[in-house]
Amino acid sequence: MSTRLRRAVAADVPALERLRPAGGQEGLVGVFADWPEETRDPAFLHVIEHGGAPVGFFRIDPAFQDRDPRLPEGAHGLRGLLIDAAVQGRGIARAAFTVLPGHLRACHGLAEVFLSVERPNTRAIRLYEATGWVSAGLPDFEGRSGPELVLRRDLAP
Ligand SMILES: CC(C)(COP(=O)(O)OP(=O)(O)OC[C@H]1O[C@@H](n2cnc3c(N)ncnc32)[C@H](O)[C@@H]1OP(=O)(O)O)[C@@H](O)C(=O)NCCC(=O)NCCS
């Protein structure tokens with residue numbers, strides 16, 4: 001079955017609200033229903049589809065630079081990544097992140113994107129390192145649950 005990325009539409013919301021983290025991951029990422037209204041703009045929300053069904057999502061934060069003034073001017077960030085517990089460990093995130101650069105260039109015209117990930121989240125860090133993310137060269141962010149590694153993905157073709 002194939003994995004693809006697409007920008008969300010308002011009609012995706014009920015399906016996205018059904019997606020859940022696995023046991024023990026609740027502290028790593030929020031469920032979609034808990035996202036504040038201002039973070040739900042479909043223009044910045046992306047759906048991960050597998051076999052034609054939404055199985056995951058993330059958003060692009062155009063104000064990511066607010067997290068740290070040392071980020072480049074206008075830095076965008078990838079936030080809130082979740083793959084539904086029922087289909088984790090099948091290579092879906094890896095497939096989605098393989099096509100991520102072209103998708104973000106097409107949707108947002110970005111040349112680079114950033115993210116931060118909690119240090120203990122080794123599963124996500126392995127995913128990012130395997131799909132071309134590298135250190136952003138910044139000290140860890142001080143997140144709500146502790147230090148967060150800051151990564152950068154060059155989106156050039
Ligand atoms: C992190 C997450 C997105 C990975 O999605 P996924 O579709 O399960 O990942 P994949 O199956 O594509 O695997 C990607 C890598 O994750 C690791 N991984 C996947 N399943 C794993 C498992 N059961 N145990 C340990 N590592 C695993 C592997 O390193 C894998 O790389 P590989 O292909 O070299 O083996 C998913 O686990 C998730 O939604 N986690 C909760 C939310 C979260 O942590 N978001 C990131 C916040 S920064």
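Read the numbers this way: they start at 1 and go in the same order the structure lists the ligands and their atoms. Quick note: numbers below take in every heavy atom, side chains included, and nothing from hydrogens, waters or symmetry partners. Throughout, residue positions are numbered sequentially from 1 according to the sequence presented.
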Go through D84 and R20 one step at a time and tell me if the side chain to side chain contact (heavy atoms under 4.5 Å, CB included) criterion holds.
CA-CA 5 Å; D84 187 57; R20 290 280 174 272; 4.0 Å; yes
Assess whether ring pair (Phe, Tyr, Trp, His ring centres under 6.0 Å) is satisfied between W133 and F114, documenting all intermediate values.
CA-CA 9 Å; W133 293 76; F114 295 82; 8.4 Å; no
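With sequence neighbours left out, L155 forms a side chain to side chain contact (heavy atoms under 4.5 Å, CB included) with P101, L104, R105, L110, V113, R153. Scored by the ring pair (Phe, Tyr, Trp, His ring centres under 6.0 Å) test, F44 finds H108 as partners (sequence neighbours excluded). Partners of D66 according to the side chain to side chain contact (heavy atoms under 4.5 Å, CB included) rule, which considers only residues two or more places apart in sequence or in another chain, are A63.
Outside the 6.0 Å centre-distance limit, the rings of F64 and H76 are not counted as a close aromatic pair.
The protein residues lying under 4.0 angstrom from ligand 1, judged by non-hydrogen atoms, are Q25, L28, V29, L81, L82, I83, Q88, G89, R90, G91, I92, A93, R94, S116, V117, N121, R123, A124, R126, L127, Y128.
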